[in-house]
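Just so we're on the same page: letters track the sequence lines, and every chain starts at 1. All values derive from a computational prediction rather than experimental measurement.
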Protein chains: 2
Amino acid sequence: MDDDKPPRLSKKDVFLNYKIWLSGITGDGMIDETTYRLLIEIGELGSLKAAADVQKISYRKAWGDLEKAEEILGYALTDKQRGGKDGGNSALTPAALRLLEAYHALQQTFDDSVEEAFNAFKAKLKPE
Amino acid sequence: MDDDKPPRLSKKDVFLNYKIWLSGITGDGMIDETTYRLLIEIGELGSLKAAADVQKISYRKAWGDLEKAEEILGYALTDKQRGGKDGGNSALTPAALRLLEAYHALQQTFDDSVEEAFNAFKAKLKPE
DNA sequence: TTTCGATATGCAATAAGAGTCATATCGAAA
DNA sequence: TTTCGATATGACTCTTATTGCATATCGAAA
């Protein structure tokens, strides 16, 4: 009795959104999806500036986000070099790699439980 | 081997935060914790203004939030009366009651899975 | 020793969201 | 038919976040 019609999008469809982030006790600053992706790109491109460009956020913000992230955790996420022919570069620390992996797992867990919870939600709401 | 030391708070402790919300396809407006609590209070107090006051948000915002919520869902969450001796009043529709119940269950599911996921996260991060 | 481009950082300009203020509308009860 | 207080809504102000701009610093390679 399970019909497999593809779920049609109606103008009145409702979606569940969520956002998770890490913070320190002060609540000042956070490590969220933006920070996560920024770090991923830094690891990939070896440059904070390049990572900021790819993520389409200002270098100013990217730099600040990274600063906050390291402040919250209390340890460095990147090794940064200034100067040199190419102007400088940034690389992820081993700690950053662990963070990314753990954060990714966290997101995955959420994605899973979100879908499940949302299905239950819609089922409850359905009988208009 | 499980020592029951109360978890000490260090300046470098990290906390997991999350937020969930419902939205329509347009992404304009949302139904979140604020809306949820506002509706609860409306049901309790029979007045949007009173609910806004209790929640310590401006009537302007409360009204707008409610407007958006109903727009997203495509049906009324409140029956509103203007005029009369007491100036008017608001009451929840049966649909609103269902929404609140479903939303609450959604939050509950999250609260549970969050704690679990975060514990796993911290365990992964621990081996500094 | 000059050069080049990324890192580093302050600060003014903007944009987005929420709050404040003002004002209109409504209708049961006095 | 006057009154009172909540609903309704525009418009402006305030806050906070982000962008944008300017400017300094660094150091390997040419």
Rounded to the nearest angstrom, tell me the gap between atom [atom1] in [X] and atom [atom2] in [N].
X       : N      : atom1 : atom2 : result
B/Glu67 : C/dG17 : CD    : C1'   : 17 Å
A/Asp65 : C/dA8  : CG    : P     : 14 Å
A/Asp86 : C/dG5  : CG    : P     : 10 Å
A/Lys56 : D/dT18 : NZ    : P     : 18 Å
A/Asn89 : D/dC26 : CG    : P     : 16 Å
B/Arg60 : D/dA8  : CZ    : C1'   : 8 Å
B/Glu71 : D/dT9  : CD    : P     : 12 Å
A/Ile57 : C/dT14 : CD1   : P     : 22 Å

What nucleotide among [options] has an atom nearest to a side-chain atom of [X]?
X       : options               : value
B/Arg82 : D/dA8, C/dA6, D/dT19  : D/dA8
A/Ser90 : D/dG20, C/dT7, C/dT20 : C/dT7
B/Lys61 : C/dG19, D/dT7, C/dC11 : C/dG19
B/Ser58 : C/dA8, D/dA8, C/dT20  : C/dT20
A/Lys85 : C/dT9, C/dG19, D/dA29 : D/dA29
A/Tyr59 : D/dT19, D/dT7, C/dA8  : C/dA8

Point-to-point distance, once rounded to the nearest 0.5 Å, from CG of A/Leu106 to CZ of B/Phe121: 6.0 Å
Enclosure of A/Glu101 CD (heavy-atom neighbours >12, cutoff 6.0 Å): no
Heavy atoms from other residues, nucleotides or ligands near NZ of A/Lys19 exceed 12 (cutoff 6.0 Å): yes
Candidate pair A/Thr109 and A/Asp112, rule side chain to side chain donor-acceptor pair (under 3.5 Å), full reasoning: CA-CA 5 Å; A/Thr109 302; A/Asp112 294 345; 6.0 Å; no
Under-4.0 Å side-chain N/O to phosphate OP1/OP2 contact, B/Trp63 with D/dT7: no
Nearest-nucleotide comparison on DNA chain C, the residue closer to the 5′ end among A/Lys80 and B/Gln81: A/Lys80
Of A/Gly84 and A/Ala50, the one whose closest DNA chain C nucleotide lies more 5': A/Gly84
Ion pair check, B/Glu33 and B/Arg37, cut-off under 4.0 Å: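 Yes, this pair counts.
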Check: B/Phe118 and A/Ile20 side chains under 4.5 Å, non-hydrogen atoms: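 The answer is no; the side chains never approach within 4.5 Å.
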Residue mapping more 5' on DNA chain D - nearest nucleotide basis, B/Gly88 or A/Gly87: B/Gly88
Ring centres under 6.0 angstrom apart (A/Tyr18, B/Tyr18): no
Base-paired stems in DNA chain D, each at least three Watson-Crick or G-U pairs under 3.5 Å: C:1-30 with D:1-30
Just list the side-chain donor-acceptor pairs under 3.5 Å for residues 50-60 of chain B, sequence neighbours left out, or say none.
unit_1	atom_1	unit_2	atom_2	d
B/Asp53	OD2	B/Lys49	NZ	3.4
B/Ser58	OG	B/Lys61	N	3.1

